[in-house]
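Small disclaimer: the values here were computed from a predicted structure and weren't measured.
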Amino acid sequence: QVQLEESGGGLVQAGGSLRLSCAASGRTFSSYTMGWFRQAQGKERVFVAALSRSTGITNYADSVKGRFTISRDNAKNTVYLQMNSLKVEDTAVYYCAATNSPVATPFSGAYIYWGQGTQVTVSS
C-alpha cells in the first residue's frame with residue numbers, strides 16, 4: 001500500500017512557475033513508476049508526465065513538453081513536477097499516481113495509487 005500526498009499548488013500568473021511535490025509513504029517508493037495527471041473543471045483527467053522506475057525515462061504530454069519537468073528523489077520518497085511558462089489552460093487539479101509498470105505509461109488505468117490532488121490556477 002502506498003499513500004500519496006500532493007502539495008505546492010496555488011495561484012500564479014501566466015508565465016510564472018510552480019513546483020508540485022508528491023510525498024509517498026512506504027519503503028518501496030523506488031519500485032514504482034510515478035506519474036502526474038490533471039483534471040480541469042468539467043473535463044476528464046488527462047496525462048501530464050511520467051517517470052519510469054527502472055530506466056529513468058520520462059514521458060510528457062505534448063501540451064507540456066519543454067515547459068514541465070518530472071523528477072524524483074527516492075531518498076525522500078518524493079516525486080516533483082516543475083512547471084514553467086505556465087498558461088491559463090494549465091489550470092486544473094493535479095494528481096500524482098504510482099504504477100507497477102516499468103515504463104512511463106500515459107494510461108491512467110495502469111496507475112494503482114492516487115493522491116487527492118492539488119489545485120493549480122493560472123491567471124491571465
Side-chain angles (χ1 to χ4, degrees):
Q1 185 78 9
V2 175
Q3 292 184 326
L4 304 173
E5 183 174 4
E6 303 94 339
S7 62
L11 175 64
V12 63
Q13 286 190 327
S17 299
L18 280 175
R19 188 176 80 157
L20 304 183
S21 299
C22 175
S25 65
R27 295 177 293 176
T28 59
F29 173 74
S30 61
S31 67
Y32 292 95
T33 288
M34 300 300 295
W36 286 95
F37 293 78
R38 67 187 182 187
Q39 185 169 19
Q41 191 170 5
K43 297 187 177 180
E44 294 185 350
R45 189 177 302 185
V46 297
F47 170 74
V48 175
L51 175 57
S52 167
R53 72 181 190 206
S54 54
T55 64
I57 291 175
T58 56
N59 187 10
Y60 295 96
D62 288 343
S63 60
V64 306
K65 279 181 182 176
R67 300 189 298 122
F68 289 12
T69 303
I70 186 172
S71 62
R72 67 193 296 164
D73 185 338
N74 287 337
K76 295 183 178 180
N77 280 10
T78 302
V79 62
Y80 303 98
L81 185 68
Q82 177 66 44
M83 305 186 296
N84 299 328
S85 302
L86 283 161
K87 304 176 181 180
V88 171
E89 51 264 42
D90 294 319
T91 295
V93 177
Y94 284 72
Y95 299 89
C96 71
T99 175
N100 288 318
S101 172
V103 299
T105 177
F107 300 109
S108 61
Y111 290 81
I112 52 177
Y113 301 111
W114 292 83
Q116 294 299 307
T118 186
Q119 176 70 47
V120 171
T121 303
V122 184
S123 63
S124 59

Inset, instruction - Kindly give the heavy-atom pair with the smallest separation between A97 and L4, and that separation in Å. - result: CA-CD1, 3.7 Å
Inset, instruction - Check whether any side-chain heavy atom of Q1 lies under 4.5 Å from a side-chain heavy atom of Y113, and answer yes or no. - result: yes
Inset, instruction - Check A92 against A40 and note the closest heavy-atom contact, atom names and distance. - result: CB-N, 3.7 Å
Legend entry - 4.5 Å side-chain heavy-atom contact, T105 and F47: no
Inset, instruction - Determine yes or no for a side-chain-to-main-chain donor-acceptor pair under 3.5 angstrom, with T33 supplying the side chain and S101 the backbone. - result: yes
Inset, instruction - Decide yes or no for S52 and V103: does some side-chain heavy atom of the first lie under 4.5 Å from some side-chain heavy atom of the second? - result: no
Legend entry - Any side-chain heavy-atom pair of Y32 and I112 under 4.5 Å: yes
Inset, instruction - Establish whether L51 and L18 are linked, either directly or via other cluster members, by ILVMFWY side-chain heavy-atom contacts under 4.5 Å. - result: yes
Legend entry - L20, V64, T118 screened by side-chain contact (heavy atoms from CB on, under 4.5 Å) with L81, the one that passes: L20
Legend entry - Hydrophobic cluster membership, W36 vs Y95, 4.5 Å side-chain cutoff: no
Inset, instruction - With sequence neighbours left out, write down each residue that passes ring pair (Phe, Tyr, Trp, His ring centres under 6.0 Å) with Y60, or none if nothing qualifies. - result: none
Inset, instruction - Before giving the answer on side chain to side chain contact (heavy atoms under 4.5 Å, CB included), spell out for V120 and M83 the whole-Å C-alpha distance, their side-chain angles and the decisive distance to 0.1 Å. - result: CA-CA 10 Å; V120 171; M83 305 186 296; 3.9 Å; yes
Inset, instruction - Answer yes or no: are there more than 12 heavy-atom neighbours, outside Q39 itself, under 6.0 Å from its atom CD? - result: yes
Inset, instruction - Specify the closest pair of heavy atoms between M34 and A98, including all atoms of both residues, with the distance to one decimal. - result: SD-CB, 3.6 Å
Inset, instruction - Quick one: do F29 and V79 satisfy side chain to side chain contact (heavy atoms under 4.5 Å, CB included)? Show the steps, please. - result: CA-CA 10 Å; F29 173 74; V79 62; 4.3 Å; yes
Inset, instruction - Would you indicate whether E89, at its atom CD, is surrounded by more than 12 heavy atoms from other residues, nucleotides or ligands within a distance under 6.0 Å? - result: yes
Legend entry - Other residues, nucleotides, ligands: >12 heavy atoms within 6.0 Å of E5 CD: no
Inset, instruction - Name all pairs fulfilling the disulfide (SG to SG under 2.5 Å) condition that reach into residues 7-121, sequence neighbours left out, sorted by first residue then second. - result: C22-C96
Inset, instruction - Might you point out which heavy atoms bring S17 and Q82 nearest each other, and give the distance in Å? - result: CB-NE2, 4.0 Å
Legend entry - Geometric class of the F68/Y94 ring pair [parallel <30°, tilted 30-60°, perpendicular >60°]: tilted
Inset, instruction - Could you tell me whether the side chain of R38 reaches within less than 4.5 Å of the side chain of S63, counting heavy atoms only? - result: yes
Legend entry - Side chain to side chain, F107 and T99, heavy atoms closer than 4.5 Å: no
Legend entry - Flag side-chain contact, heavy atom, 4.5 Å: R53 against P102: yes
Legend entry - Inter-residue atom distance T121.OG1 - D90.CG, 0.5 Å rounding: 11.0 Å
Inset, instruction - Establish, for the pair R45 and F37, whether the NZ or CZ atom is under 6.0 angstrom from the six-membered ring centre and no further than 45 degrees off its axis. - result: no
Legend entry - Approximate separation, where rounding is to 0.5 Å, of T69 OG1 and R19 CZ: 11.5 Å
Inset, instruction - Determine, for D62 against K65, whether the closest basic-nitrogen to carboxylate-oxygen distance falls under 4.0 angstrom. - result: yes
Legend entry - Worked check of side chain to side chain contact (heavy atoms under 4.5 Å, CB included) between T91 and Q119: CA-CA 8 Å; T91 295; Q119 176 70 47; 4.0 Å; yes
Inset, instruction - Please check if V93 and V48 belong to a single hydrophobic cluster, counting links between Ile, Leu, Val, Met, Phe, Trp and Tyr side chain heavy atoms closer than 4.5 Å. - result: no
Inset, instruction - Determine the minimum heavy-atom distance between V2 and A24, stating which atoms define it. - result: CG1-CB, 4.1 Å
